[in-house]
Amino acid sequence: MAASPDSPTDSPASPPTALITGASRGLGAAIARDLAPTHRLLLGARSAESLRDIRAELPAAQPWPVDLTDYDALPAATAPIERLNVLVHNAGVAELGAIAESSVQQWRETLEANLIAVAELTRLLLPALRAANGHVVLINSGAGLRANPGWGVYAAAKFGLRAFGDVLRLEEPALRVTSIHPGRIDTDMQRAIVASEQREYNPDEFLTAETVARAVRNAVETPPDAHPTEIVLRPIGR
């Protein structure tokens with residue numbers, strides 16, 4: 001269950017509000033650091049405890065501990081948010097493996113975390129986003145543009161996420177919707193993926209979380225006469 005945040009309603013003079021899911025570490029924490037100087041932050045994560053370190057860095061940020069797949073709790077968690085300028089969907093999971101070895105549970109969990117929860121949270125926050133002519137940022141993946149062997153389940157979710165963003169952009173013309181497709185990023189999740197591939201981890205092969213976070217900030221700061229619909233990032237040399 002979520003702890004309800006104070007109502008983040010903006011006046012014209014107050015900083016814009018940004019909600020970042022999966023903000024406790026890795027890319028989500030990097031995005032929070034990049035937006036902190038200019039935004040009032042709601043830091044999403046499964047538990048308040050997991051947000052302890054990033055909140056120590058960003059004491060002005062507000063925790064928003066919510067299980068995004070608890071669809072009974074989400075309406076109460078989102079209800080106090082009356083105006084939202086930026087919604088960054090960063091939370092997600094990645095479990096690799098051949099389709100022949102996949103399970104119904106793996107498909108359900110991957111689609112749930114990477115697509116269904118995103119769609120439901122966005123739906124509930126549409127009134128707040130409309131009130132601010134807000135910006136939805138979807139952290140997608142290179143797997144959302146091209147599927148490779150072993151990535152079928154994850155790629156299916158990310159292709160679905162891309163389609164969701166494309167349709168949301170058309171149905172909500174007052175909003176900006178940006179799909180960001182980074183290559184593989186140097187995070188704890190990436191270390192787990194490389195371990196499952198049974199090879200040595202070399203951080204120089206990957207983008208840094210800070211580089212991707214800067215792309216998010218650049219999208220958010222794009223002047224209002226432009227709509228950054230899609231951003232693709234690849235590590236140098238890959």
Side-chain angles (χ1 to χ4, degrees), residues 1-2 19-28 31 44-47 50 64-78 87-126 129 136-172 175 177-185 187-197 209 212 216 229-233:
M1 295 288 289
L19 167 59
I20 305 164
T21 68
S24 62
R25 59 193 177 120
L27 178 56
I31 294 170
R46 283 184 175 269
S47 69
S50 67
W64 197 70
V66 180
D67 180 350
L68 298 177
T69 62
D70 185 346
Y71 303 123
D72 291 332
L74 269 184
T78 56
L87 172 59
V88 181
H89 286 289
N90 171 70
V93 300
E95 183 180 349
L96 308 188
I99 289 174
E101 299 165 0
S102 64
S103 65
V104 170
Q105 181 180 1
Q106 181 185 358
W107 280 96
R108 283 177 174 162
E109 290 178 353
T110 303
L111 289 167
E112 195 87 49
N114 294 312
L115 180 56
I116 298 171
V118 170
E120 180 62 0
L121 179 60
T122 304
R123 186 186 71 81
L124 290 169
L125 287 172
L126 277 176
L129 288 161
V136 178
V137 179
L138 303 168
I139 303 300
N140 201 298
S141 167
L145 298 172
R146 185 180 66 182
N148 289 308
W151 292 73
V153 179
Y154 182 71
K158 291 300 189 178
F159 267 74
L161 184 63
R162 183 186 182 194
F164 171 77
D166 289 346
V167 174
L168 182 66
R169 197 177 298 118
L170 294 171
E171 292 184 349
E172 298 290 336
L175 306 184
V177 181
T178 303
S179 289
I180 296 186
H181 296 267
R184 297 171 71 164
I185 308 169
T187 60
D188 290 342
M189 179 185 288
Q190 195 63 239
R191 290 180 181 275
I193 291 172
V194 171
S196 73
E197 295 171 332
V212 181
V216 172
T229 59
E230 192 168 85
I231 297 172
V232 180
L233 302 171

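From Glu120, atom CD reaches atom CZ of Arg123 across 4.0 Å, with rounding to the nearest 0.5 Å. Annotation: the span from Thr110 atom OG1 to Gln105 atom CD amounts to 9.5 Å, rounded to 0.5 Å. From Asp166, atom CG reaches atom CG of Leu161 across 9.5 Å, with rounding to the nearest 0.5 Å. Expressed to the nearest 0.5 Å, how far CD1 of Ile185 lies from CG of Leu27 amounts to 5.0 Å. Rounded to the nearest 0.5 Å, atoms OG1 (Thr69) and CD (Glu109) are 9.5 Å apart. Atom CG of Leu68 is separated from atom OG1 of Thr21 by 6.0 Å, given to the nearest 0.5 angstrom.
Exactly one of Val66, Leu121, Leu126 qualifies for a side-chain contact (heavy atoms from CB on, under 4.5 Å) with Thr78. That residue is Leu121. Just one of Lys158, Glu230, Arg146 meets the side-chain contact (heavy atoms from CB on, under 4.5 Å) condition when paired with His181; it is Glu230.
Across Thr122 and His89, no two heavy atoms sit closer than the pair OG1-NE2, 2.7 Å. Minimum heavy-atom separation, Val136 to Leu129: CG2-CD1, 3.8 Å. Of all the heavy atoms in Trp107 and Ala156, the pair that sits closest is CZ3-CB, 3.7 Å. For the pair Phe164 and Leu138, the tightest heavy-atom approach, listed with the atom from each and the gap, is CD2-CD1, 4.3 Å. Here the shortest heavy-atom pairing between Ala157 and Asn114 reads CB-CB, 3.8 Å. The two residues Val177 and Gly165 have their closest heavy-atom pair at CG1-O, 3.7 Å.
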Intermediate values then yes/no, side-chain contact (heavy atoms from CB on, under 4.5 Å), Leu125 and Leu19: CA-CA 10 Å; Leu125 287 172; Leu19 167 59; 3.7 Å; yes
Worked check of side-chain contact (heavy atoms from CB on, under 4.5 Å) between Val216 and Ile139: CA-CA 9 Å; Val216 172; Ile139 303 300; 3.8 Å; yes
Full working for side-chain contact (heavy atoms from CB on, under 4.5 Å) between Ser179 and Arg169: CA-CA 10 Å; Ser179 289; Arg169 197 177 298 118; 4.1 Å; yes
Verdict with supporting geometry, Val137 and Ile180, side-chain contact (heavy atoms from CB on, under 4.5 Å): CA-CA 7 Å; Val137 179; Ile180 296 186; 3.8 Å; yes
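Judged by distance alone, with hydrogens and angles left aside, the side-chain atoms of Thr178 form no donor-acceptor pair with the main-chain N or O of Thr229 at under 3.5 Å. Looking only at distances, no side-chain donor or acceptor of Asn148 sits under 3.5 Å from a matching main-chain atom of Ala143. Side chain of Trp64 to main chain of Ile20: no donor-acceptor pair is present (N/O by atom type, distance under 3.5 Å, no hydrogens or angles).
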